Amino acid sequence: MTHAPIDPFTPAVELAAAIRRKEVSPVEVADCYLARMDELDPRLNAFCHRADDDVRKAASAAADAVARAKSPEDLPPFHGVPLPVKDLVDVAGWPTTHGSAGAGRAPAAASDPVVRRFVDAGFVLLGKTTTSEFGSLPFTESDALGVSRNPWDPDRTPGGSSSGAGVAVAAGMAPLAHAEDGGGSIRIPASCTGLVGLKPTRGLVTNAVVEVEGLGTGGVLTRSVADTAAALDVLARHDPGAWWSPPTPRTSFAAALETELPAGLRIGALIDSPIDGIPVHPACVAAVDTALRAFESTGGHLVDTLFPLPPADELVAAFTTLWNVGGAGVPLAEPDRIEPHNRALRDAARAIDSWAYAEGLRRTQELSRRIVEGFLAGFDLLVTPTMACLPPLVGAWRAGTDDDPLRALVNSYPMGVFTSVFNVTGQPAVSVPVHHDEATGLPVGVQLVAAPWREDLLLQASRILELAHPWTSRRPSAG
């Protein structure tokens with residue numbers, strides 16, 4: 001049976017429902033996105049590993065399962081929906097490059113627990129997406145994987161390090177995509193490409209190992225709040241093998257969207273950069289103003305309380321002590337081929353002993369506690385720009401890197417200055433695309449932050465913004 005053409009921008013939960021109703025076949029859905037990849041990816045570079053035969057085989061098996069199912073309820077929630085995986089985690093039978101020319105290309109023996117949860121939920125794995133090397137920079141412009149480009153303006157970065165994930169979803173090459181966030185790598189591409197990107201509370205979503213002392217966590221990039229909530233229901237599962245993992249939430253995150261945001265919430269704002277000397281673009285400030293007005297109109301109580309940040313040099317020192325070891329554990333076939341900034345990070349990490357590292361970790365935890373306790377005392381919800389800037393031009397990060405490779409990170413501060421602090425604290429944070437810059441036509445995200453384990457509150461707040469300032473019908477020029 002031939003069905004009507006598939007809109008590649010259809011939300012994932014709606015695609016899943018259409019598959020369960022037999023209005024569309026998983027094979028047709030897979031073919032739609034593979035064709036989009038053929039058309040758009042040569043220019044945008046979202047995918048670093050394609051396994052089209054595997055995709056079609058999995059889609060065919062999903063179609064057979066639909067035919068055999070006695071009831072639609074017998075199928076998993078995302079049965080037959082395609083989803084690409086960021087190339088920092090293992091998928092059995094596929095290589096994991098970690099974005100590095102120095103990494104081996106041998107197929108992974110087993111899938112990461114995050115990937116297994118996706119498969120158990122019925123997703124058809126759609127290949128692997130690009131990332132900066134070891135996920136250490138908020139863009140992908142590398143020797144190993146090339147340059148990933150923003151569908152809204154291909155001369156600009158889509159952000160990162162979940163670069164390919166953002167490109168794939170924004171351009172309609174996937175309905176949603178797996179992403180990872182160690183300093184903003186879900187929220188930054190969400191802002192750059194006009195998507196929803198939620199970083200969960202530390203420990204809520206587990207990988208095979210704890211990433212970067214708990215700075216890193218997994219999630220998804222989507223076009224809608226409902227897709228984000230439903231995907232989080234899949235990912236937030238108790239993992240008895242993890243170093244720390246809470247019980248599976250008693251109430252689904254999707255169900256939280258059916259509940260109104262509580263009245264009288266204390267809603268604060270952080271608009272000035274946490275690091276002195278980094279200006280905040282007027283469009284990023286406008287995004288915060290837009291969000292605050294929407295919350296005030298629905299009963300939120302705007303407070304003038306200052307967000308309790310420690311001195312910037314203390315926070316940066318604490319973060320970088322851990323960030324320096326971000327590439328540890330990556331199997332390298334050719335270590336000499338890693339990129340200069342990551343070589344410099346490794347040298348910096350090796351320059352301190354284990355005692356100094358443990359002291360740095362302890363100091364990071366102390367700073368985190370101070371920030372979280374101050375947050376709990378003053379706020380229920382904090383609104384900030386996601387980034388201090390619009391998506392930079394491709395190559396803008398290179399200034400000064402010939403003399404000092406670590407300038408690549410310093411040049412990236414405007415992209416991650418608002419996001420990375422909440423990787424330190426472990427609080428849940430989400431970027432939603434409430435604003436568009438009139439001069440450039442680029443999307444602009446706003447970041448919402450809640451107390452630990454209050455993803456429900458973030459999703460409810462994000463839904464208010466989605467209703468007040470709808471974004472799902474927007475399409476990028478290269479999509």
Side-chain angles (χ1 to χ4, degrees), residues 136-139 159-161 181-185 187-188 191 199 202 212-216 268-282 284-285 287-288 304-326 341 344-345 348-349 351-352 356-357 359-379 382-390 392 396-397 399-401 404-427 429 431 445-449:
S136 62
L137 292 173
F139 47 79
S161 62
D181 190 318
S185 295
R187 293 157 289 159
I188 291 169
S191 183
K199 179 198 79 69
R202 181 172 16 247
V212 200
E213 300 287 8
L215 296 183
L270 173 66
I271 297 176
D272 294 333
S273 168
I275 298 178
D276 291 340
I278 296 179
V280 180
H281 192 283
C284 303
V285 175
V288 173
D304 295 328
T305 309
L306 293 177
F307 184 59
L309 281 172
D313 57 343
E314 292 186 43
L315 195 59
V316 170
F319 182 84
T320 54
T321 296
L322 306 185
W323 198 247
N324 289 346
V325 302
H341 67 277
L345 289 177
I352 64 172
Y357 180 83
E359 287 183 329
L361 176 57
R362 182 183 181 90
R363 181 59 177 155
T364 304
Q365 293 182 22
E366 291 170 347
L367 291 173
S368 172
R369 175 173 287 277
R370 187 197 311 175
I371 296 169
V372 174
E373 289 179 346
F375 180 98
L376 296 174
F379 310 95
L382 182 71
V383 184
T384 84
T386 304
M387 305 197 308
C389 61
L390 297 179
W397 62 276
T401 56
D404 178 5
L406 290 180
R407 288 294 307 177
L409 277 79
V410 175
N411 294 342
S412 302
Y413 279 1
M415 300 180 74
V417 68
F418 286 103
T419 55
S420 56
V421 62
F422 302 109
N423 294 86
V424 173
T425 67
Q427 292 170 258
S431 178
V446 66
Q447 178 177 234
L448 311 179
V449 185

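This structure is a prediction, so every number in the text was calculated from the model and none was measured.
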From [X] [atom1] over to [Y] [atom2], what is the distance, rounded to the nearest 0.5 angstrom?
X    : Y    : atom1 : atom2 : result
S412 : L406 : OG    : CG    : 11.0 Å
L309 : L367 : CG    : CG    : 10.5 Å
Q427 : S368 : CD    : OG    : 7.5 Å
F418 : L382 : CZ    : CG    : 10.0 Å
D272 : T384 : CG    : OG1   : 11.5 Å
S273 : M387 : OG    : CE    : 13.0 Å

### Task
Hey, could you give me each pair passing side-chain hydrogen bond (donor to acceptor under 3.5 Å, both in side chains) that has a residue in residues 310-324? Not counting sequence neighbours.
E314-R363
Closer than 3.5 angstrom, by distance alone: can the side chain of [X] be matched with the main-chain N or O of [Y] as a donor-acceptor pair?
X    : Y    : result
T419 : G416 : yes
S185 : S161 : yes
T401 : R407 : no
T364 : G360 : yes

Non-hydrogen atoms of [X] and [Y] that approach each other most closely:
X    : Y    : result
V280 : I271 : CG2-O, 3.4 Å
P405 : H341 : O-CB, 3.4 Å
P138 : I188 : CB-CD1, 4.0 Å
N423 : G184 : OD1-N, 3.5 Å
N411 : A399 : ND2-O, 2.8 Å
C389 : M415 : SG-CG, 3.9 Å

### Task
Decide side chain to side chain contact (heavy atoms under 4.5 Å, CB included) for L409 and W397; before the verdict, give the C-alpha distance in whole Å, the side-chain angles of both, and the deciding distance to 0.1 Å.
CA-CA 8 Å; L409 277 79; W397 62 276; over 6 Å; no
### Task
Take I371 and L315 through the side chain to side chain contact (heavy atoms under 4.5 Å, CB included) test and state the conclusion after the steps.
CA-CA 10 Å; I371 296 169; L315 195 59; 4.1 Å; yes
### Query
Which of parallel (below 30°), tilted (30 to 60°) and perpendicular (above 60°) describes F307 and F422?
tilted
### Task
Show the numbers, then the answer: is there a side chain to side chain contact (heavy atoms under 4.5 Å, CB included) between V449 and L270?
CA-CA 11 Å; V449 185; L270 173 66; over 6 Å; no
### Task
Determine, for R362 against E366, whether the closest basic-nitrogen to carboxylate-oxygen distance falls under 4.0 angstrom.
yes
#### Entry: Passing candidate, salt bridge (charged side-chain N to carboxylate O under 4.0 Å, His left out) with D181, options R202, R187, K199
R187
